[in-house]
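Input: a single structure, listed below in structure tokens.
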Amino acid sequence: MIRKALIAAGILSLSLGGFVPAMASSSGSGNPGPNGHNNNGLCEAAGSGSAQGQAEKQANGVAFQALAAAGEAMESSSQQTQESLNGTEGTASDTSQDIQTFCGSSFG
């Protein structure tokens, strides 16, 4: 009797093991961002830490660079032109702003 209960519990846990992660990955907007379905964590991480740490993430972190590129793509053409004229395009401040544009309220 106990053996059957343990087997049933094992089968149930194995079946839920595949179901729960599948449900978790489909939550949120349902549309993966530039780095897949991990945007929320990356957006929080991008805005966290010291200014030096943020600059290192933006310069060397491929995932953060993808967030910045996605934010840049969301900017209007007039905004991009203004950044080019001001000489701010591609600076650390611009990259941070691009990430904030993509992440919205999830930034930091």
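In this text, all values refer to a predicted model and were calculated from it rather than measured experimentally.
Rounding to the nearest 0.5 Å gives a distance of 7.5 Å between CD of Q54 and OG of S48. With values rounded to the nearest 0.5 angstrom, C103 atom SG is found 8.0 Å from L42 atom CG. With values rounded to the nearest 0.5 angstrom, L67 atom CG is found 6.0 Å from N39 atom CG.
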Steps toward side-chain contact (heavy atoms from CB on, under 4.5 Å) verdict (Q79, M74): CA-CA 10 Å; Q79 188 176 6; M74 294 171 69; over 6 Å; no

Residue pair E72, E83: steps toward the side-chain contact (heavy atoms from CB on, under 4.5 Å) verdict: CA-CA 11 Å; E72 181 74 25; E83 289 173 354; 4.0 Å; yes

Derivation of the side chain to side chain donor-acceptor pair (under 3.5 Å) call for S76 and S78: CA-CA 5 Å; S76 67; S78 62; 3.2 Å; yes

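Side-chain N or O atoms of Q65 include one that pairs as donor or acceptor with a backbone N or O of A59 at under 3.5 Å. For S96 (side chain) and S93 (main-chain N/O), no donor-acceptor pair under 3.5 Å exists by modelled atom type. Checked by atom type and distance alone, the side chain of K57 pairs as donor or acceptor with a backbone atom of A45 at under 3.5 Å.
By the side chain to side chain donor-acceptor pair (under 3.5 Å) test, E89 pairs with no residue at all, sequence neighbours left out. With sequence neighbours left out, the side chain to side chain donor-acceptor pair (under 3.5 Å) criterion links S77 to no other residue. Under the side chain to side chain donor-acceptor pair (under 3.5 Å) criterion, E56 pairs with N60, sequence neighbours left out.
Heavy-atom minimum distance, A70 versus F102: CB-CD1, 3.5 Å. Here the closest heavy-atom approach between residue G90 and residue T95 is recorded as O-OG1, 4.2 Å.
Looking at heavy atoms from C-beta onward, Q82 lies out of side-chain contact with E75 at the 4.5 angstrom threshold.
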